[in-house]
There are 2 protein chains.
Amino acid sequence: MIACTDHNTPTGDRRRAAIAAAARALIAERGFEGLRTRDIAARAGINVATMHYHVPSKEALVALVAQSLRDDFIAQHNARPRAGLSAGEILRLEIADFRETREHNIDLFRVMAEMMEKARRDENIAAAMRPMQGFWHRQIVDILARGVAEGDFRADLDPQAGATIFLGALIGTMRHPDPTSAHFDRVAAEIARAFGLGPSQPALPVAKA
Amino acid sequence: MIACTDHNTPTGDRRRAAIAAAARALIAERGFEGLRTRDIAARAGINVATMHYHVPSKEALVALVAQSLRDDFIAQHNARPRAGLSAGEILRLEIADFRETREHNIDLFRVMAEMMEKARRDENIAAAMRPMQGFWHRQIVDILARGVAEGDFRADLDPQAGATIFLGALIGTMRHPDPTSAHFDRVAAEIARAFGLGPSQPALPVAKA
DNA sequence: GTCATTCTCAATCAATTGATTGATTGATGA
DNA sequence: TCATCAATCAATCAATTGATTGAGAATGAC
């Protein structure tokens with residue numbers, strides 16, 4: 001892992017957080033191609049040299065962004081209580097979460113997409129992204145496998161392949177020119193049918209065999 | 001559209017083709033972020049100034065790459081005879097084509113992915129990519145709609161949503177760490193089940209209700 | 001108060017990069 | 001033979017960009 005500076009002071013932490021936020025906003029806006037240290041510092045409201053004091057190099061900055069993404073990813077995951085729900089219900093929650101992020105925090109996806117592109121050429125980035133990607137994929141695999149076992153989904157559904165289709169479909173909705181979520185909802189409904197998941201139950205999260 | 005130079009001579013065409021090929025190889029290798037005019041010229045075996053003589057600016061170069069991609073895309077599409085085939089068979093051909101490109105011409109996908117990213121920020125690129133993207137999507141929509149009408153697919157399959165799922169799933173296989181095509185084949189098989197498409201017929205392209 | 005530590009910035013550096021210049025070559029045709 | 005023009009390149013420019021320097025503020029400990 002690339003070491004950040006050891007300024008573990010409250011000020012340093014606050015600055016680094018501001019720098020990470022500024023960098024993420026700029027990456028979402030212009031991609032890595034147009035990412036300039038001067039612009040990051042300007043958006044964070046500090047001098048370039050101050051930025052280099054807290055984040056010594058651009059490489060460290062990218063690592064910082066990767067860590068920032070991972071923190072958000074984990075926080076977002078932990079914010080979902082799913083105990084006691086059926087596999088089908090959890091899958092619907094996954095879809096709802098994606099929809100929510102897609103509408104209100106799309107920069108997260110944009111930055112993630114940029115990082116994934118960059119990961120193909122930079123092993124450090126790849127190492128930072130793999131856990132997130134793997135975790136997400138495995139999570140869907142687990143949901144599908146459980147759903148098959150419990151009869152929520154088609155009996156011949158392949159969880160591994162299903163997870164790739166599921167994630168690919170959701171991410172694919174963002175390539176679609178339709179800016180509204182109407183198309184997303186159609187895709188979500190089609191996924192449900194494709195997985196043999198019945199129509200949305202009339203909200204009885206307790207009633208479970 | 002960004003005008004290229006008007007050197008419509010045989011030499012000029014050859015040079016521009018070589019420059020486009022060199023640029024595509026470098027984009028596939030390092031992305032737009034690491035694309036340098038010097039490197040392109042070097043890989044094309046010419047001087048930087050010569051390159052600027054044939055392709056006046058980097059912007060024109062990107063447009064040239066976009067056009068080169070579109071040419072390949074169209075050529076690849078026209079190379080497929082599909083007359084007289086059922087919708088299900090055509091969908092299988094689509095999958096086989098994708099698999100083939102994925103294995104033997106992956107740079108095409110890499111460059112396309114880079115272009116799609118860049119298209120989000122550059123309206124000129126977006127304008128060049130939209131027709132390809134739209135054409136591909138519409139093609140799948142048509143196949144699915146026909147297949148539903150002819151009974152090849154599930155009767156309640158939504159062609160629009162299905163196309164997004166289909167393309168997203170195929171593209172999603174390239175995010176998967178598995179370098180072999182084993183996972184791709186599982187995804188393809190799962191798509192077939194999800195769309196209600198029966199197992200691969202024993203090659204009787206005439207026998208159709 | 002004073003000293004040390006943390007933090008900040010204007011100014012600057014060295015390297016990179018897209019693009020231009022001006023000279024040269026070679027083919028074509030009058 | 002000479003004029004013309006497409007094509008090519010070495011050398012160079014001007015701007016950009018990641019990073020550094022050195023000189024102060026701000027803060028807190030004693």
Side-chain angles (χ1 to χ4, degrees), chain A residues 2-27 29-66 114 118 121-122 124-125, chain B residues 2-27 29-66 114 118 121-122 124-125:
Chain A
I2 299 156
C4 273
T5 40
D6 49 353
H7 308 310
N8 288 332
T9 74
T11 308
D13 285 345
R14 227 181 316 123
R15 278 277 187 254
R16 267 196 299 282
I19 292 168
R24 281 174 55 167
L26 285 171
I27 290 170
E29 204 172 292
R30 310 178 202 170
F32 275 108
E33 191 191 352
L35 189 64
R36 303 287 172 251
T37 53
R38 280 166 171 74
D39 298 339
I40 300 170
R43 181 164 297 211
I46 57 176
N47 186 279
V48 209
T50 303
M51 198 194 82
H52 271 93
Y53 174 79
H54 292 286
V55 183
S57 70
K58 203 177 182 184
E59 196 182 1
L61 180 103
V62 173
L64 177 69
V65 169
E114 291 286 340
K118 200 174 173 65
R121 289 164 237 122
D122 185 332
N124 287 327
I125 309 299
Chain B
I2 299 155
C4 273
T5 41
D6 48 354
H7 308 311
N8 289 331
T9 74
T11 309
D13 286 344
R14 228 181 316 123
R15 276 278 185 255
R16 266 197 299 282
I19 291 168
R24 281 175 55 168
L26 285 171
I27 290 170
E29 203 172 292
R30 310 179 203 170
F32 274 108
E33 192 189 350
L35 189 64
R36 303 286 172 252
T37 53
R38 280 167 172 75
D39 298 339
I40 300 169
R43 181 164 298 210
I46 58 177
N47 186 279
V48 207
T50 304
M51 197 194 84
H52 271 92
Y53 173 78
H54 292 287
V55 182
S57 70
K58 204 176 181 184
E59 195 181 2
L61 179 103
V62 173
L64 177 69
V65 169
E114 292 285 340
K118 201 176 172 63
R121 287 165 239 122
D122 184 331
N124 288 325
I125 309 299

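Every chain is numbered from 1 and lettered A, B, ... according to where its sequence line falls, protein lines coming before strand lines. Being a predicted model, the structure only gives us computed values, none of them experimental.
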Atom-pair distance (CZ on A/F32; C1' on D/dT17), nearest Å = 17 Å
Separation of atom CZ in A/R14 from atom P in C/dT6, rounded to whole Å = 16 Å
Could you work out which one of C/dT8, D/dG18, D/dA10 sits closest to the side chain of B/A49?
-> D/dA10
Expressed in angstrom and rounded to an integer, what is the separation of B/M51 atom CE from D/dA10 atom P?
-> 15 Å
Output the single nucleotide from D/dC9, C/dG18, D/dA19 whose closest atom is nearest the side chain of B/H52.
-> C/dG18
Are side-chain heavy atoms of A/K58 and A/R36 found at a separation under 4.5 Å?
-> yes
Considering only side-chain heavy atoms of B/Y53, which listed nucleotide, C/dT20, D/dA7, D/dA19, is closest?
-> D/dA7
May I ask you to verify whether the side chain of A/R36 and the base of D/dG18 hold a donor-acceptor pair under 3.5 Å?
-> no
Pairwise 5' ranking along DNA chain C for B/V48 and A/I46, keeping only the more 5' one | A/I46
Check every strand shown and say whether A/L35 touches a base, only sugar-phosphate, or nothing at a heavy-atom separation below 4.0 Å.
-> sugar-phosphate
Taken to the nearest 0.5 Å, the spacing of A/R38 CZ from A/N47 CG works out to 9.5 Å
Grab the CZ-C1' distance between B/R16 and D/dA7 for me, whole Å please.
-> 13 Å
Roughly how many Å is it from NE2 in A/H54 to C1' in C/dT8, rounded to a whole number?
-> 8 Å
Any B/R15 side-chain N or O less than 4.0 Å from OP1/OP2 of D/dA6 | no
Determine the minimum heavy-atom distance between B/G34 and B/D39, stating which atoms define it.
-> O-OD2, 4.4 Å
Starting at CG of A/N47 and ending at P of D/dA25, how long is that distance when rounded to a whole Å?
-> 15 Å
If only side-chain N and O atoms of B/T37 are considered, is one of them under 4.0 Å from the OP1 or OP2 phosphate oxygen of C/dT17?
-> no
Between CD1 of A/I19 and C1' of C/dC9 the distance, given in whole Å, is 14 Å
Send over the distance from B/R38 CZ to D/dA10 C1', rounded to a whole Å.
-> 12 Å
Residue A/K58, side-chain atoms from C-beta onward, closest of D/dA19, C/dT8, D/dA7 = D/dA19
Student check: side-chain heavy atoms of A/T37 and A/L61 closer than 4.5 Å = no
Heavy-atom pair with the smallest gap, counting every atom of B/M51 and B/A41 | SD-N, 3.9 Å
